[in-house]
Amino acid sequence: MHVAPVGGTAVQDHVALAEIELCGELIIAASAADEDRLSLESIDEVLRVAEERGNDSPGT
């Protein structure tokens with residue numbers, strides 16, 4: 001367990017914060033969905049997978 005030093009200086013883990021934000025977006029999408037489960041396409045859309053793949057393609 002990491003405890004922030006006295007004086008209010010906190011260490012931020014940007015990767016963990018991004019993962020928490022994505023989890024929150026998935027929870028919101030799942031709660032708003034009409035079906036019991038999100039489809040793989042819906043999950044990809046929420047996580048912006050296609051955008052990331054487009055940015056990784058050669059020539060960009």
Side-chain angles (χ1 to χ4, degrees):
M1 178 172 93
H2 180 270
V3 177
V6 176
T9 306
V11 177
Q12 291 187 1
D13 184 341
H14 298 288
V15 174
L17 292 173
E19 289 177 356
I20 291 167
E21 182 179 341
L22 290 173
C23 287
E25 291 177 19
L26 280 172
I27 291 167
I28 292 168
S31 66
D34 293 331
E35 59 273 358
D36 287 340
R37 297 178 182 213
L38 290 176
S39 66
L40 293 177
E41 292 80 18
S42 295
I43 293 171
D44 286 349
E45 184 178 330
V46 170
L47 298 179
R48 297 179 294 274
V49 172
E51 293 175 22
E52 291 298 319
R53 288 184 182 153
N55 291 338
D56 291 341
S57 53
T60 57

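Values in this document were obtained by computation on a predicted structure and should not be read as measured data. Note: hydrogens, waters and symmetry copies are ignored here, and every other heavy atom, side chains too, is used.
Partners of Glu19 by salt bridge (Lys or Arg N to Asp or Glu O under 4.0 Å), not counting sequence neighbours: none found. Scored by the side chain to side chain donor-acceptor pair (under 3.5 Å) test, Glu45 finds no partners at all (sequence neighbours excluded). Applying the side chain to side chain contact (heavy atoms under 4.5 Å, CB included) test to Ser39 and every residue at least two apart in sequence or in another chain returns Glu41, Ser42. For the side chain to side chain contact (heavy atoms under 4.5 Å, CB included) test, residues two or more places apart in sequence or in another chain that qualify with Leu26 are Leu38, Ile43, Val46, Leu47.
Under the salt bridge (Lys or Arg N to Asp or Glu O under 4.0 Å) criterion, the residue pairs touching residues 20-36 are Glu25-Arg48, with sequence neighbours excluded.
Under a hydrophobic-cluster definition in which Ile, Leu, Val, Met, Phe, Trp and Tyr are linked whenever side-chain heavy atoms come within less than 4.5 Å, directly or via other members, Ile27 and Ile20 are assigned to different clusters.
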